[in-house]
Amino acid sequence: MPENNCPTLSNVLASEECDENLAGLGSVVYVFLKEDLSAPLVATDNQYSTPQFKAGKGLYRFDCKDDSQQIEGTSLGRRKGFRQTGTIVLEAVNKLMSKTARALNNLDIGIIFPDGDDAQILYDPNRKVVFDNDGIQSTTGASADDDRQVTLTATLGPTKYLNMYVTPPDSGGWEGLRVDNNANDNG
């Protein structure tokens, strides 16, 4: 008889949910190249292991517009999994953003979104995070009151879970895994 690999259902009781359910994500995200990992991340249910990088490689920090980052999970239908969509808003339209957009549009990446005490991730060892048609947009705005920004809308799917999480490093936090951190020697 085949083994049931679906998660066990649990009661979801308001009396046991004492955490604040604060909307939105922080104003920092971290991007990495999958080829820079020393080994693919391993998932246990909906939680990936902490990334480990080759020597001299690591995370790239993006400082984003406040109150603009989000992850949405969407069902693709019964037994078809989920699609995850991450939105990142950068407050600049300049040469660096143009080059960054081109790199993101063409490279095989993962994205970590710090989420309070947790961190969510758009990553799959076998599927690419993509920016579909109109997934990367820039606007200079038309008047001084308008925002000048680049909006990145990354998608990943299908995935087994509505949201995926990643285990933070034991010490140094995500900043300790930055590619430009002199102490970064993960490889």
Is the count of non-hydrogen atoms from other residues, nucleotides or ligands lying under 6.0 Å from [X] atom [atom1] greater than 12?
| X | atom1 | value |
| --- | --- | --- |
| Asp67 | CG | no |
| Arg61 | CZ | yes |
| Asp170 | CG | no |

Would you kindly confirm whether [X] and [Y] end up in one hydrophobic cluster when ILVMFWY residues are joined by side chain heavy atoms under 4.5 Å apart?
| X | Y | value |
| --- | --- | --- |
| Val129 | Val29 | yes |
| Leu107 | Leu122 | yes |
| Tyr165 | Leu162 | no |

Salt bridge check: are Lys34 and Asp108 linked by an N-O gap of less than 4.0 Å? yes

Give a yes or no on whether a salt bridge exists between Asp147 and Lys65, defined as a side-chain N under 4.0 angstrom from a carboxylate O. yes

So, [X] side chain and [Y] main chain: donor-acceptor pair closer than 3.5 Å or not?
| X | Y | answer |
| --- | --- | --- |
| Asn105 | Ala101 | no |
| Thr50 | Pro168 | yes |
| Lys54 | Ala39 | no |
| Thr87 | Thr153 | no |

Parallel under 30°, tilted from 30 to 60°, perpendicular over 60°: which one fits the rings of Tyr123 and Phe32? tilted

Please tell me whether Gln69 and Ser27 have a donor and an acceptor in their side chains that are separated by less than 3.5 angstrom. no

Pairing donors with acceptors under 3.5 angstrom, does anything connect the side chains of Tyr161 and Gln84? no

For a 4.5 angstrom cut-off between non-hydrogen side-chain atoms, does [X] reach [Y]?
| X | Y | answer |
| --- | --- | --- |
| Val179 | Tyr60 | yes |
| Glu72 | Gln70 | yes |
| Cys64 | Val89 | no |

Checking Thr155, Asn106, Leu104 against Phe131 for side chain to side chain contact (heavy atoms under 4.5 Å, CB included), the one that qualifies is Leu104

Determine whether Phe113 and Ile88 satisfy the following criterion, side-chain contact (heavy atoms from CB on, under 4.5 Å), listing intermediate values before the conclusion. CA-CA 9 Å; Phe113 294 79; Ile88 302 165; 3.8 Å; yes

Walk me through whether Ser38 and Phe53 qualify under side-chain contact (heavy atoms from CB on, under 4.5 Å). CA-CA 5 Å; Ser38 58; Phe53 293 97; 5.9 Å; no

OG (Ser68) and CD (Gln149) are apart, to the nearest 0.5 Å, by 6.5 Å

When rounded to the nearest 0.5 Å, the distance separating CZ of Arg178 from OH of Tyr30 is 7.0 Å

Would you sort out whether Thr85 and Thr74 count as a side-chain contact (heavy atoms from CB on, under 4.5 Å), showing the intermediate values? CA-CA 8 Å; Thr85 303; Thr74 306; 5.5 Å; no

